[in-house]
J.: 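There's a structure below that I have some questions on.
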Amino acid sequence: MPDDDEWIAARRRAVGDRLRERRLHLNLTQEAVHLAAGVSRYTLQRAEAGEEVQISTLIRVAHVLGSRFDLVDLVR
């Protein structure tokens with residue numbers, strides 16, 4: 001495991017990319033997803049940008065993005 005935390009930032013960006021790709025695949029806006037997930041639009045934007053967010057936020061957003069799309073799909 002690398003000594004620096006760049007690998008963590010890279011994984012967060014990958015998670016954010018998967019969120020955005022899934023949202024766009026479903027033809028959903030950030031507005032629709034953040035309202036349905038019960039999080040602020042700013043929080044959703046941060047998640048999609050790969051910034052630090054709470055795991056409960058990721059779970060909420062993954063739930064909105066589909067019953068077959070789970071937290072496991074985000075971190076694979």
J.: Can you see which heavy atom on Glu52 is nearest to which on Arg46, and at what distance?
T.: O-NH2, 2.8 Å
J.: Counting only heavy atoms not in Arg11, do more than 12 sit closer than 6.0 Å to its CZ atom?
T.: no
J.: Identify whether the distance between the nearest side-chain nitrogen and carboxylate oxygen of Glu48 and Arg22 falls below 4.0 Å.
T.: no
J.: Same cluster or not: are Val61 and Leu35 linked, directly or through other Ile, Leu, Val, Met, Phe, Trp or Tyr residues, by side-chain heavy atoms under 4.5 angstrom apart?
T.: no
J.: For Ala37, does its backbone N or O pair with a side-chain atom of Arg60 as donor and acceptor, under 3.5 Å?
T.: yes
J.: Do the side chains of Leu28 and Leu65 get nearer than 4.5 Å, heavy atoms only?
T.: yes
J.: Could you state the interatomic distance from CG (Leu44) to CD (Glu31), rounded to the nearest 0.5 Å?
T.: 10.0 Å
J.: Around Gln30, counting heavy atoms of other residues, nucleotides and ligands shown, do more than 12 lie under 6.0 Å from its CD?
T.: yes
J.: So which heavy atom on Thr43 is nearest to which on Val53, and how close?
T.: O-CG1, 4.0 Å
J.: Give the minimum heavy-atom separation between Ala47 and Leu58, together with the two atoms involved.
T.: CB-CD2, 4.4 Å
